[in-house]
Amino acid sequence: MASSFSSSLASNANIMLLVLLLASSLMAAFASNFYQDFNLTFGDGRAQIVNNGELLTLSLDKYSGSGFKSKNEYLFGKIDMQLKLVPGNSAGTVTAYYLSSLGPTWDEIDFEFLGNLSGDPYILHTNVFSQGKGNREQQFYLWFDPTKNFHTYSILWNPQVIIFYVDGTPIRKFKNLESIGVPFPKNQPMRIYSSLWNADNWATRGGLVKTDWTQAPFTASYSNFNANACVWSSGSSSCTSKSPSSLANNAWLTQDLDSTSRWRLRWVQKNYMIYNYCTDLKRFPQGLPPECSNTN
Ligand SMILES: *[C@@H]1O[C@H](CO)[C@@H](O)[C@H](O)[C@H]1NC(C)=O
Ligand SMILES: *[C@@H]1O[C@H](CO)[C@@H](O)[C@H](O)[C@H]1NC(C)=O
């Protein structure tokens, strides 16, 4: 009698625990909290977390830009962030959103959004650095106005591949080609960084169009951060999946493009890519980088 009573107490407690765990993982999946995951790094009040942590805004004026970085370091992950970029005349401004490690041989995976005059297209600039070496730029126009609504920009980073996505559509793939001598970021944990700054010496039409400070402050917004990722702490990493459907299953760790997504990648590259280092023969007179002949 006594023992069955206590075991039913114990199983009630287990059920409670399960409910709590499920509830907290659901919350993690649906309500990202910028207070929990990020620190503001510069800008002295120009970066703000509002709406109980659901929204982060960066702004830029004549005196300063602003920025933030993740509290965690990650070694591999599928990282999603929604951004709404500076509207109107954003010429000269750059919104950078990237992963980076530290030190002279750092790794980095970049999204940079180059502003433009009202009605003219932003450029989405991407790059991959491994062991301190970049020079792997690809640039795109977007198929929507990125200032009207939030859109999701994602980085899938696992030991085999880095894939950049926009609203779930792959726009760029950088494959692990260590087998032919191309260094691949896989040993250095990276933080997420973002900043909004003035780059009117180069960003818009190569620096011809300057920032119009009468339009300041310029503001970009962030929401719905989600990381299914391996969090690095004191020399080891533990992988967590915040999305309940994949709790038991870190599918992203081995994910690559399937045939449908390969088709979509080709569609973007054919219709929206405006610069590709892999076709820039003038820039590489000694021959294109080795990864350029093996892109699938
Ligand atoms: C974030 O800010 C907190 C509080 O100021 C600090 O303790 C922590 O070290 C910061 N994290 C990083 C990664 O800078
Ligand atoms: C700005 O608009 C011009 C004209 O459409 C275009 O050539 C350029 O690529 C656009 N983007 C940037 C960042 O200069």
Side-chain angles (χ1 to χ4, degrees), residues 32-45 47-49 53 56 58 60 65-75 77 79 83 85-103 106 108 110-127 137-148 151 153 166 171 188-212 215 218 220 222 225 227 229-235 237 268-269 271-277 279-280:
S32 72
N33 186 321
F34 284 102
Y35 289 117
Q36 183 187 305
D37 293 312
F38 295 95
N39 280 354
L40 306 179
T41 47
F42 72 101
D44 202 18
Q48 289 186 330
I49 297 174
L56 187 154
L58 292 185
L60 162 72
S66 53
F68 65 88
K69 71 175 182 190
S70 62
K71 294 186 182 175
N72 286 328
E73 292 180 283
Y74 303 95
L75 187 63
I79 293 170
L83 276 78
L85 299 171
V86 175
N89 180 356
S90 59
T93 71
V94 171
T95 307
Y97 171 70
Y98 58 104
L99 291 172
S100 183
S101 63
L102 297 172
W106 79 101
E108 187 175 316
D110 289 325
F111 278 115
E112 282 188 305
F113 301 89
L114 317 185
N116 216 334
L117 295 170
S118 286
D120 282 340
Y122 263 75
I123 289 177
L124 170 51
H125 174 100
T126 64
N127 204 352
E137 297 84 359
Q138 288 186 353
Q139 295 185 332
F140 305 83
Y141 287 146
L142 294 162
W143 48 95
F144 51 83
D145 178 348
T147 72
K148 286 274 186 303
H151 290 272
Y153 302 91
V166 175
I171 63 161
Q188 309 188 71
M190 304 204 246
R191 274 186 219 285
I192 302 163
Y193 295 86
S194 188
S195 56
L196 173 57
W197 42 289
N198 178 41
D200 67 1
N201 57 338
W202 62 272
T204 307
R205 295 174 217 189
L208 291 176
V209 186
K210 300 299 173 190
T211 304
D212 177 3
Q215 308 296 308
F218 302 98
Y222 299 75
F225 165 69
C230 302
V231 173
W232 182 263
S233 102
S234 56
S237 91
V268 172
Q269 299 211 331
N271 295 292
Y272 295 94
M273 188 156 69
I274 55 171
Y275 177 78
N276 182 3
Y277 76 110
T279 57
D280 194 344

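One-based numbering, in listed order, for ligands and for the atoms of each. Just so we're clear, the structure is a prediction, and the values are computed from it rather than from any experiment.
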**Stepwise side chain to side chain donor-acceptor pair (under 3.5 Å) check, N198 with T211** = CA-CA 7 Å; N198 178 41; T211 304; 2.6 Å; yes
**Prompt:** Mind checking whether Y97 and F111 have parallel, tilted or perpendicular rings, split at 30° and 60°?
**Reply:** parallel
**Message:** Tell me whether the rings of Y153 and F144 are parallel (<30°), tilted (30 to 60°) or perpendicular (>60°).
**Reply:** tilted
**Request:** Consider every N or O of Y141 and every N or O of ligand 2, then say whether any pair is closer than 3.5 Å.
**Result:** yes
**Asked** With a 6.0 Å cut-off on ring centres, are Y222 and F68 close enough?
**Response** yes
**Prompt:** Contact residues of ligand 1 with a heavy-atom cut-off of under 4.0 Å?
**Reply:** N39, K69, K71, R191
**Asked** Does an N or O anywhere in T204 fall below 3.5 Å from an N or O of ligand 2?
**Response** no
**Request:** Heavy-atom contacts with A203 under 4.0 Å: which atoms of ligand 2 show up? List them by number with element.
**Result:** 13 (C)
**Message:** Before you tell me yes or no, could you show the steps for S70 and N72 under side chain to side chain donor-acceptor pair (under 3.5 Å), namely the whole-Å CA-CA distance, both residues' side-chain angles and the distance that decides it to 0.1 Å?
**Reply:** CA-CA 5 Å; S70 62; N72 286 328; over 6 Å; no
**Prompt:** Short N/O distance, under 3.5 Å, between P121 and ligand 2?
**Reply:** yes
**Complete:** The atoms of ligand 2 lying under 4.0 Å from a heavy atom of G115, numbered in the order shown, are 13 (C)
**Item:** Pair D280-Y275, side-chain donor/acceptor within less than 3.5 Å
**Value:** yes
**Prompt:** Do Y74 and W232 make the cut of ring centroids closer than 6.0 angstrom?
**Reply:** no
**Message:** As an exercise, identify every atom of ligand 2 less than 4.0 angstrom from a heavy atom of L114.
**Reply:** 13 (C)
**Request:** Taking atom CG of D44 as the centre, report whether more than 12 heavy atoms of other residues, nucleotides or ligands fall under 6.0 Å from it.
**Result:** no
List, one per line, each side-chain donor-acceptor pair under 3.5 Å for residues 86-94, sequence neighbours excluded.
residue : atom : partner : partner atom : Å
N89     : OD1  : A91     : N            : 3.1
S90     : OG   : N116    : N            : 2.9
S90     : OG   : N116    : O            : 3.2
S90     : OG   : Y122    : OH           : 3.2
T93     : OG1  : S90     : O            : 2.8

